[in-house]
Amino acid sequence: MHTAKGRDISIYRYEQGAVDDWSENMEQALRLALRRGEFELFYQPKVCLRQRNILGMEALIRWRHPTQGLLSPQHFITAAESSGVIVPIGYWIIEQVCKDMQTLVDHGLFDVSIATNLSFRQLQDEPFCKALPRLLQEANVNLNCLEFELTETTMLTEPESALDTLNQVTALGVTISLDDFGTGYSSLAHIRQYPISTIKIDRSFTQRVSLDHEADSIVRSIINLAHDLNMQVVAEGVEDDTQLNFLLGNGCDQVQGYLFSEPRPMWEVLQLIDKILLP
Ligand code: C2E
Ligand code: CA
Ligand code: CA
Ligand code: CA
């Protein structure tokens with residue numbers, strides 16, 4: 001009994017040590033990657049169903065790791081958030097997004113907007129919240145073409161003061177989207193205090209339409225609800241024509257997904273603009 005217990009404890013210590021080691025190394029690795037310029041932004045087009053063209057794109061971070069190759073956020077975003085390194089990475093993202101907005105203008109694309117994801121961790125960081133409106137104003141870009149995507153969880157965990165920041169950037173022309181809608185548990189009443197102009201339907205719903213009656217009614221209800229509240233709707237994760245046709249038939253505004261393009265470097269997405277992407 002005594003030895004068994006002793007062994008348990010030593011195993012526990014060993015595992016704790018390993019976890020701490022790993023997260024410490026990961027934090028160092030992320031900071032180093034940032035200094036070495038190993039992060040890149042890929043872009044995924046959002047296709048407007050009415051105008052049948054790309055009117056916006058979402059910036060999605062990638063890590064070009066020197067030995068592991070191109071890493072998607074699932075491999076590092078949680079570590080970046082829990083360690084707080086997402087804050088310095090987030091400053092870099094905003095800077096890069098502003099440069100890429102200038103690239104769009106240089107290509108004569110004055111109305112194509114860029115959306116970027118904001119983490120709860122960034123909105124909990126007071127210096128970030130204070131700096132954001134000023135950074136955006138100094139960036140010399142058309143802020144009407146910039147969008148922030150926030151999840152319900154982010155909106156619920158952020159401090160009150162973050163709402164101030166979101167109101168300030170909205171006053172500058174930035175729009176706010178509610179990301180992964182349908183996966184949270186919050187009431188829309190609570191979320192209504194945020195200046196949201198777009199709802200993004202989570203891909204777990206998009207991908208069940210036409211297979212599952214419940215998903216059909218959920219997606220239809222989200223679209224109607226959003227429109228009643230004067231919001232736009234984007235469906236994420238559209239992979240096939242059946243899903244597309246359902247969304248077309250039910251008045252969804254924009255679609256995003258592998259059917260049109262995976263997230264790719266900006267120059268590749270530019271080549272898709274004005275191409276025929278819809279039936
Ligand atoms: P998200 O914001 O919900 O982004 C959409 C994710 O769905 C992206 O994954 C995208 O590649 C993927 N996706 C798009 N279309 C399809 C499709 O048709 N089928 C399937 N199966 N997947 C599709 P990605 O790029 O791996 O990003 C994952 C998550 O990491 C994002 O989810 C977002 O929460 C986070 N993330 C990505 N970039 C950033 C960033 O710059 N900052 C922050 N804070 N988070 C980021
Ligand atoms: Ca997003
Ligand atoms: Ca999403
Ligand atoms: Ca997601």
Side-chain angles (χ1 to χ4, degrees), residues 30 33-34 38-47 54 56-64 69-100 113-125 128 132 146-155 157-158 162 175-184 196 198-209 222 232-244 246-247 252 254-266 268-269 272 277:
L30 288 166
L34 184 60
E38 291 170 5
F39 293 110
E40 291 177 19
L41 292 183
F42 273 30
Y43 287 90
Q44 187 178 39
K46 296 185 192 176
V47 181
I54 296 167
M57 49 185 93
E58 178 177 3
L60 294 155
I61 196 166
R62 300 289 182 265
W63 178 2
R64 197 165 294 278
L70 191 67
L71 297 180
S72 67
Q74 77 181 84
H75 295 103
F76 61 88
I77 209 82
T78 309
E81 285 178 336
S82 61
S83 63
V85 191
I86 191 66
V87 176
I89 295 174
Y91 284 107
W92 174 81
I93 293 172
I94 287 172
E95 197 185 306
Q96 190 60 44
V97 159
C98 290
K99 284 184 193 161
D100 291 339
S113 61
I114 291 186
T116 182
N117 294 282
L118 278 189
S119 154
F120 69 97
R121 204 50 203 259
Q122 288 170 283
L123 287 173
Q124 282 172 346
D125 188 79
F128 175 80
L132 186 62
L146 178 65
E147 201 173 308
F148 288 132
E149 298 192 2
L150 280 77
T151 64
E152 291 167 78
T153 326
T154 297
M155 293 188 187
T157 54
E158 73 181 58
T175 49
I176 310 284
S177 299
L178 181 52
D179 205 354
D180 299 348
F181 188 73
T183 58
I196 300 162
T198 306
I199 286 178
K200 297 189 75 177
I201 303 176
D202 192 71
R203 72 160 182 267
S204 57
F205 296 106
T206 308
Q207 298 188 339
R208 289 204 323 259
V209 295
I222 297 175
Q232 297 272 303
V233 193
V234 180
E236 304 185 313
V238 180
E239 291 184 358
D240 63 41
D241 287 328
T242 315
Q243 295 159 1
L244 176 64
F246 180 91
L247 295 161
C252 186
Q254 293 185 57
V255 283
Q256 188 180 344
Y258 294 170
L259 180 62
F260 309 100
S261 171
E262 287 182 19
R264 301 296 305 156
M266 166 72 85
E268 285 187 39
V269 179
L272 292 176
L277 298 172

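In this chain, numbering begins with 1 at the start of the sequence shown. Order of listing sets the numbers, starting from 1, for every ligand and every atom in it.
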A.B. asks: I'd like the name of whichever of E239, R121, Q44 reaches closest to atom 19 (N) of ligand 1 through any heavy atom.
C.D. replies: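 Heavy atom nearest to atom 19 (N) of ligand 1 belongs to E239.
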
A.B. asks: Mind checking whether V238 contacts ligand 1 via backbone (N, CA, C, O), side chain (CB onward), both or neither, at a 4.0 Å heavy-atom cut-off?
C.D. replies: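 The part of V238 near ligand 1 is the backbone, not the side chain.
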
A.B. asks: Quick one: are R62 and P73 in side-chain contact, heavy atoms under 4.5 Å?
C.D. replies: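 Heavy-atom side-chain distance check passes, below 4.5 Å.
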
A.B. asks: Taking the six-membered ring for Trp, are Y91 and F128 parallel (under 30°), tilted (30 to 60°) or perpendicular (over 60°)?
C.D. replies: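 It falls in the perpendicular class, over 60°.
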
A.B. asks: Check each heavy atom of I93 against ligand 1 and say whether those closer than 4.0 Å belong to the side chain, the backbone, both or neither.
C.D. replies: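 Near ligand 1, I93 shows its side chain, while the N, CA, C and O stay back.
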
A.B. asks: At the Ca ion (ligand 3), what's the angle from D179 OD1 to D180 OD1, rounded to 10 degrees?
C.D. replies: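 Between OD1 of D179 and OD1 of D180, the angle at the Ca ion (ligand 3) is about 90°.
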
A.B. asks: Does any N or O of ligand 1 fall below 3.5 Å from an N or O anywhere on I61, backbone included?
C.D. replies: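 Checking ligand 1 against I61, an N or O pair does fall under 3.5 Å apart.
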
A.B. asks: Suppose we only count N/O/S atoms under 3.0 Å; would E236 qualify as near the Ca ion (ligand 3)?
C.D. replies: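 Yes, within the cut-off.
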
A.B. asks: Mark up the atoms of ligand 1 that fall under 4.0 Å of a heavy atom belonging to P263, in ascending order.
C.D. replies: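 Selected atoms, number and element: 11 (O).
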
A.B. asks: Compute whether any side-chain donor of one residue and acceptor of the other, for S177 and E147, lie under 3.5 angstrom apart.
C.D. replies: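 Result is yes, a qualifying pair exists.
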
A.B. asks: Of all the atoms in ligand 1, which lie at a distance below 4.0 Å from a heavy atom belonging to S119?
C.D. replies: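 Once the distances to S119 are compared, the set is 44 (N).
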
A.B. asks: Indicate, as side chain, backbone, both or neither, the part of N117 found under 4.0 angstrom from ligand 1 when only non-hydrogen atoms are considered.
C.D. replies: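 It is both parts that get close, each with some atom under 4.0 Å.
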
A.B. asks: Are the charged groups of E236 and K200 less than 4.0 angstrom apart, N to O?
C.D. replies: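 Looking at K200 together with E236, the answer is yes, because their closest N to O distance falls below 4.0 Å.
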
A.B. asks: At under 4.0 Å between heavy atoms, which part of R62 makes contact with ligand 1: side chain, backbone, both or neither?
C.D. replies: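 Under 4.0 Å from ligand 1, R62 contributes side-chain atoms alone.
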
A.B. asks: Any nitrogen or oxygen of E81, side chain or backbone, less than 3.5 Å from one on ligand 1?
C.D. replies: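 No, E81 has no N/O under 3.5 Å of an N/O on ligand 1.
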
A.B. asks: Could you confirm whether E149 has any N/O/S atom lying under 3.0 Å from the Ca ion (ligand 3)?
C.D. replies: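 Here the distance criterion (N, O or S atom, under 3.0 Å) is not met by E149, so no.
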
A.B. asks: Could you see which bit of L259 sits under 4.0 Å from ligand 1, with heavy atoms only: side chain, backbone, both or neither?
C.D. replies: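 Within the 4.0 Å criterion, L259 makes no contact with ligand 1.
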
A.B. asks: Is any side-chain heavy atom of L178 less than 4.5 Å from a side-chain heavy atom of E152?
C.D. replies: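 A side-chain contact under 4.5 Å exists here.
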
A.B. asks: State the atoms of ligand 1, each with its element, that fall below the 4.0 Å cut-off from a heavy-atom position in G257.
C.D. replies: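 Answer, ordered by atom number: 15 (N), 18 (O).
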
A.B. asks: Is there a heavy atom of D180 sitting under 4.0 angstrom from any atom of ligand 1?
C.D. replies: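 D180: in contact with ligand 1 (<4.0 Å).
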
A.B. asks: If you look at every heavy atom in L272 and L277, which pair is closest and at what distance?
C.D. replies: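 It is O-CD1, 4.3 Å.
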
A.B. asks: Which pair of non-hydrogen atoms, one from Q243 and one from Q207, has the smallest distance, and what is that distance?
C.D. replies: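 Taking every non-hydrogen atom into account, NE2-CA, 3.5 Å.
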
A.B. asks: Hey, are the side chains of F76 and I89 touching, using non-hydrogen atoms and a 4.5 Å cut-off?
C.D. replies: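 Result no, sub-4.5 Å side-chain heavy-atom pair not found.
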
A.B. asks: Geometry only, no angles: is Y258 polar-contacting ligand 1 at N/O separations under 3.5 Å?
C.D. replies: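 By distance alone, the answer is yes.
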
A.B. asks: Out of the N/O/S atoms in E58, what is the name of the one closest to the Ca ion (ligand 2)?
C.D. replies: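 In E58, the N, O or S atom with the shortest distance to the Ca ion (ligand 2) is OE2.
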
A.B. asks: Specify the closest pair of heavy atoms between L247 and V238, including all atoms of both residues, with the distance to one decimal.
C.D. replies: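 Closest approach of L247 to V238: CD1-CG2, 3.6 Å.
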
A.B. asks: Provide the number and element of each atom of ligand 1 under 4.0 Å from a heavy atom of E58.
C.D. replies: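 So the atoms of ligand 1 that pass are 2 (O), 4 (O).
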
A.B. asks: Take E40 and R64, measure what salt bridge (charged side-chain N to carboxylate O under 4.0 Å, His left out) needs, and give me the verdict at the end.
C.D. replies: CA-CA 7 Å; E40 291 177 19; R64 197 165 294 278; 2.5 Å; yes

A.B. asks: Report the part of R203 in contact with ligand 1, treating N, CA, C, O as backbone and CB onward as side chain, heavy atoms under 4.0 Å; options are side chain, backbone, both, neither.
C.D. replies: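 The answer is the side chain of R203.
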
A.B. asks: Show the nearest heavy-atom pair for residues S261 and R264, with the distance to one decimal.
C.D. replies: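 Result for this residue pair: OG-CG, 3.8 Å.
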
A.B. asks: What is the minimum heavy-atom distance between D180 and T183, and which atoms define it?
C.D. replies: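 What the structure gives for the nearest pair is O-OG1, 2.7 Å.
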
A.B. asks: Against heavy atoms of E236, which atoms of ligand 1 measure under 4.0 Å?
C.D. replies: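 Within the 4.0 Å cut-off of E236, ligand 1 contributes 3 (O).
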
A.B. asks: If every non-hydrogen atom of F39 is compared with every non-hydrogen atom of L34, which pair is closest and at what distance?
C.D. replies: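 Where F39 meets L34 most closely, the heavy atoms are CE1-N, 3.6 Å.
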
A.B. asks: Under 4.0 Å, heavy atoms only, figure out whether ligand 1 is touched by the backbone of Q207, its side chain, both or neither.
C.D. replies: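 Within the 4.0 Å criterion, Q207 contacts ligand 1 through side-chain atoms alone.
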
A.B. asks: May I ask you to check whether N117 brings an N, O or S atom to under 3.0 Å from the Ca ion (ligand 2)?
C.D. replies: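 Looking at N117, which is the residue asked about, there is an N, O or S atom under 3.0 Å from the Ca ion (ligand 2).
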
